[in-house]
Amino acid sequence: MDAAIALALPLARLFEGWRPRPYLCPAGVPTQGYGATGKGVSMRNGPWSLEAGEARLAADMAVYARGVLALSPNLARCPPEVLGSLADFAFNLGVTRYKASTLRKRVADENWDAVAHELGKWVHGGGRKLPGLVKRRAAEARMILGAMARDAARRPDPAMNDEAAFRGRVDEILQGGGDVRANLLKLLQG
């Protein structure tokens with residue numbers, strides 16, 4: 001999970017930006033640092049040091065990553081970019097929204113194209129579509145799709161692990177004509 005958090009932190013830094021003094025976000029919530037809300041954030045706060053903001057961001061991101069993983073335990077089998085992206089989503093919108101979302105259902109189905117599509121729906125704040133959220137959701141989606149594509153490319157062909165299936169594919173190639181040598185090489189290279 002540490003790798004996922006490490007990947008989520010730059011997303012949050014980029015899209016939240018650093019503001020040492022408290023402010024109201026577009027949804028009207030008191031916010032400070034790199035998008036921190038909730039306990040310890042008040043419009044009466046003095047400015048935070050960058051070190052304090054970094055510490056709060058790391059602590060908050062760990063909480064959100066754990067929350068997402070608890071709701072979607074299948075993410076433990078995925079590349080860390082997937083949990084990192086979804087932790088950033090939850091950091092921005094909350095674990096409660098993730099829990100009730102179709103996004104979570106698509107994560108459970110491991111339908112990554114649908115996950116990317118669902119992320120693109122979460123781009124409104126304060127009743128309007130926000131360009132920053134459009135960019136953030138697109139970055140999260142790209143991170144997930146890229147990681148899953150790389151992961152799929154590294155996985156061996158399941159037929160290569162099943163002797164009967166492998167023999168069947170070799171027989172098909174031998175009986176199918178065409179360039180037998182080239183087709184056998186393709187099979188062996190995955």
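Below, each value reflects all heavy atoms present in this structure, side chains not excepted, and no hydrogens, waters or symmetry copies. Quantities reported herein were computed from a predicted structural model and do not represent experimental measurements. Along the sequence shown, residues are numbered consecutively beginning with 1.
- Put simply, CG on Leu57 and CH2 on Trp18 are 9.5 Å apart, with the number rounded to the nearest 0.5 Å.
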- Message: Applying side chain to side chain donor-acceptor pair (under 3.5 Å) to Asn92 and Arg137, what does each step give before you reach the verdict?
- Response: CA-CA 10 Å; Asn92 182 230; Arg137 300 290 95 86; 3.0 Å; yes
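- A donor-acceptor pair under 3.5 Å links the side-chain atoms of Asn45 to the main chain of Gly40, judged by distance alone.
- For the pair Ser49 (side chain) and Ala52 (backbone), a donor-acceptor distance under 3.5 Å is present.
- A donor-acceptor pair under 3.5 Å links the side-chain atoms of Ser42 to the main chain of Arg44, judged by distance alone.
- Every residue was checked against the side-chain contact (heavy atoms from CB on, under 4.5 Å) condition with Ala6, not counting sequence neighbours, and none meets it.
- Under the rule for a ring-ring contact (aromatic ring centres under 6.0 Å, His included), Trp112 has no partner lying at least two apart in sequence or in another chain.
- Side-chain N or O atoms of Arg21 include none that pairs as donor or acceptor with a backbone N or O of Gln32 at under 3.5 Å.
- For Lys121, the side-chain contact (heavy atoms from CB on, under 4.5 Å) partners are His117, Glu118, not counting sequence neighbours.
- To the nearest 0.5 Å, the span separating OH on Tyr34 from CG on Leu14 amounts to 10.5 Å.
- A salt bridge links Arg136 to Asp88: one of the charged nitrogens lies within less than 4.0 Å of a carboxylate oxygen.
- For the pair Arg56 and Asp60, the salt-bridge criterion is met [side-chain N within less than 4.0 Å of a carboxylate O].
- Summarising the geometry, atom OH belonging to Tyr98 is positioned 11.5 Å from atom CH2 belonging to Trp122; distances are rounded to the nearest 0.5 Å.
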